[in-house]
Amino acid sequence: MTNRADKPITLADVARRAGTSTAVVSYVINNGPRPVAAATRERVLAAAAELGYRPNRIARALRSRTTGVVGLVVADASNPYFGALARHIEQALDKRDRLTLVGNADYSADRQRHLVDRFLAAQVDALVIVSADGEDDVAARAEAAGVPAVYVHNGPTGGRAPVVAADNQNAVQEAVAHLRAHGHRHIAFLAGPHDTGPVGARRAAWHAAVADDPDAVLLRCDYSRAAADALARRLAGQGAMPQALITATDEQATGVLSGAWACDLPVPDRIAMISLDGTPESAHTAPALTVTRQPLQAMAEQAIDLLFGHASCSLVAHAPLVIRRSCGCDEG
């Protein structure tokens with residue numbers, strides 16, 4: 001008797017166990033191209049499960065000239081915002097029976113290009129690019145190779161690939177209006193080191209919203225908790241901590257909370273805050289952050305619809321204000 005460990009289970013094995021043809025088994029395993037009666041489908045799936053059959057993705061790729069694999073380039077996999085967005089993209093692709101191959105660009109334009117080239121060499125069916133900053137149109141490399149691509153969260157100006165992003169303009173305007181409703185006249189903004197990508201757009205929207213306030217303060221630091229914590233401690237030591245602050249990212253907001261706490265500056269009594277990412281973790285800070293929540297699941301699903309031809313243009317998704325404690329409201 002042949003050891004199954006030495007001989008992979010085949011379609012023919014499943015067909016014999018199910019009492020049907022290999023063609024019917026193929027239709028069930030591949031969801032087409034022909035329909036299969038429900039009772040027969042259940043019998044085939046049961047036989048496949050009993051035998052431990054696993055489809056050979058390489059053989060399927062050779063037959064169909066597709067791999068069933070989509071490359072996902074993430075700006076920074078360690079950042080909870082990008083991690084949550086990547087999870088939603090993977091789930092949306094899984095619904096379409098696509099395997100996701102993930103690469104971390106680590107905020108590097110060179111590494112982003114390298115990952116795109118590696119994915120194209122691996123003959124992925126499509127590319128999803130979650131780009132943080134910069135104007136490098138790496139999707140053009142995919143287009144030249146005949147591979148569809150879509151940007152999520154951010155895309156270069158003038159790029160040909162569609163972009164799915166949140167409505168940063170309205171999100172920032174709503175955040176400014178909310179803090180002013182609390183009586184704050186001077187509202188500072190914490191941006192990143194450079195005015196690029198979505199953070200640059202958020203900074204510009206803030207600047208427009210507070211144009212009537214010549215004393216509005218623009219602050220900058222890296223996109224990390226440690227950098228924002230250090231900034232908050234420095235501002236506290238100088239007596240320069242603003243009364244109200246909008247942070248470009250949740251990572252920065254968490255760092256400010258930490259630094260303010262260390263310097264005995266209570267939030268929201270001494271400094272009211274709103275953050276512009278709205279990751280799941282923002283609900284569990286102390287105090288919980290009021291945020292403009294980026295619609296990550298909707299962005300992911302819209303991007304995959306674009307990728308596979310169920311939508312035809314770039315999309316902007318609403319980022320609602322989620323009221324919690326850090327702005328001065330009773331938590332909603």
Side-chain angles (χ1 to χ4, degrees), residues 66-77 79-105 107 109 112-113 115-116 118-120 122-171 196-199 201-202 249-250 276-280 292-320:
T66 62
T67 61
V69 177
V70 173
L72 170 58
V73 179
V74 181
D76 177 14
N79 185 309
Y81 173 87
F82 292 117
L85 180 55
R87 183 176 69 250
H88 286 300
I89 291 170
E90 182 179 12
Q91 290 171 345
L93 286 168
D94 187 61
K95 291 177 183 177
R96 295 177 179 272
D97 195 30
R98 262 43 177 217
L99 181 66
T100 307
L101 190 61
V102 182
N104 176 36
Y107 290 117
Q112 183 172 261
R113 286 191 295 270
L115 287 169
V116 168
R118 290 287 300 272
F119 285 154
L120 293 175
Q123 298 184 321
V124 295
D125 292 341
L127 278 172
V128 181
I129 303 164
V130 181
S131 178
D133 295 320
E135 290 294 318
D136 188 9
D137 187 13
V138 290
R141 305 164 93 89
E143 181 184 21
V147 175
V150 62
Y151 288 105
V152 187
H153 172 74
N154 177 48
T157 304
R160 293 167 58 95
V163 181
V164 177
D167 187 347
N168 288 297
Q169 179 89 19
N170 285 331
T196 55
V199 171
R202 295 171 187 179
T249 70
D250 287 358
L276 300 178
D277 271 346
T279 56
T292 56
R293 185 173 59 210
Q294 304 284 290
L296 302 183
Q297 182 175 355
M299 290 164 61
E301 292 175 350
Q302 289 172 358
I304 303 311
D305 281 345
L306 282 167
L307 204 58
F308 294 105
H310 296 282
S312 58
C313 61
S314 297
L315 298 164
V316 177
H318 177 57

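Sequential numbering from 1 along the given sequence is applied to the chain's residues.
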- Task: Give the minimum heavy-atom separation between Asn104 and Ala77, together with the two atoms involved.
- Result: OD1-N, 3.0 Å
- Please report the closest heavy-atom contact between Ala166 and Val316, naming both atoms and the distance. C-CG1, 3.9 Å
- Apply side chain to side chain contact (heavy atoms under 4.5 Å, CB included) to Leu93 and Leu72, showing your working. CA-CA 10 Å; Leu93 286 168; Leu72 170 58; 5.7 Å; no
- For Thr292, what residues pass the side-chain hydrogen bond (donor to acceptor under 3.5 Å, both in side chains) criterion, not counting sequence neighbours? none
- Note on the structure: side chain to side chain contact (heavy atoms under 4.5 Å, CB included) test vs Gln294 passes for just one of Leu85, Asp250, Asn168, namely Asn168
- Message: With rounding to the nearest 0.5 angstrom, report the CG to OG1 distance, Leu296 to Thr279.
- Response: 8.5 Å
- Task: Could you tell me which residues satisfy salt bridge (charged side-chain N to carboxylate O under 4.0 Å, His left out) with Asp277, sequence neighbours excluded, listed by chain and number?
- Result: Arg202
- Sidechain-backbone polar pair: Asp167 side chain, Ala319 backbone, donor-acceptor under 3.5 Å: no
For a quick test of your reading: what N or O donor-acceptor pairs under 3.5 Å do the side chains of residues 137-153 make, sequence neighbours left out?
from: Asp137; atom 1: OD1; to: Tyr151; atom 2: OH; distance (Å): 2.6
from: Arg141; atom 1: NE; to: Asp117; atom 2: OD1; distance (Å): 3.1
from: Arg141; atom 1: NH2; to: Asp117; atom 2: OD2; distance (Å): 3.0
from: Glu143; atom 1: OE1; to: Arg160; atom 2: NE; distance (Å): 3.1
from: Glu143; atom 1: OE2; to: Arg160; atom 2: NE; distance (Å): 2.8
from: Glu143; atom 1: OE2; to: Arg160; atom 2: NH2; distance (Å): 3.0
from: Tyr151; atom 1: OH; to: Val138; atom 2: N; distance (Å): 3.1
from: Tyr151; atom 1: OH; to: Ala139; atom 2: N; distance (Å): 3.0
from: His153; atom 1: ND1; to: Tyr81; atom 2: OH; distance (Å): 2.9

- Item | Shortest non-hydrogen separation from Ala317 to Gln302 and the atoms involved | CB-OE1, 4.3 Å
- To the nearest 0.5 Å, atom OG1 of Thr100 lies from atom CD1 of Ile304 at 7.5 Å
- What residues, two or more places apart in sequence or in another chain, satisfy salt bridge (charged side-chain N to carboxylate O under 4.0 Å, His left out) together with Glu90? none
- Calculate, to the nearest 0.5 Å, the distance between atoms CD and CD belonging to Gln91 and Gln297 respectively. 7.0 Å
- Message: Taking side chain to side chain contact (heavy atoms under 4.5 Å, CB included) as the definition, give me every residue that meets it alongside Ala165, ordered by chain and number, with sequence neighbours left out.
- Response: Val163
- Task: Could you walk me through whether Thr196 and Asn154 pass the side chain to side chain contact (heavy atoms under 4.5 Å, CB included) test, one step at a time?
- Result: CA-CA 10 Å; Thr196 55; Asn154 177 48; over 6 Å; no
- Are Leu120 and Leu127 side-chain neighbours, meaning at least one heavy-atom pair lies under 4.5 Å? yes
- Note on the structure: dist Gln112:CD -> Asp136:CG (nearest 0.5 Å) comes out at 6.5 Å
- Note on the structure: Residues passing the ring-ring contact (aromatic ring centres under 6.0 Å, His included) test with Phe119, sequence neighbours excluded, are none
- Task: Tell me, with the steps shown, if Arg96 and Asp305 meet side chain to side chain contact (heavy atoms under 4.5 Å, CB included).
- Result: CA-CA 10 Å; Arg96 295 177 179 272; Asp305 281 345; 2.8 Å; yes
- Message: Test salt bridge (Lys or Arg N to Asp or Glu O under 4.0 Å) on Arg87 and Asp94; report intermediate values, then the result.
- Response: CA-CA 10 Å; Arg87 183 176 69 250; Asp94 187 61; over 6 Å; no
- Reported OG1-to-CG distance for the pair Thr249 and Leu276, which is rounded to 0.5 angstrom: 8.5 Å
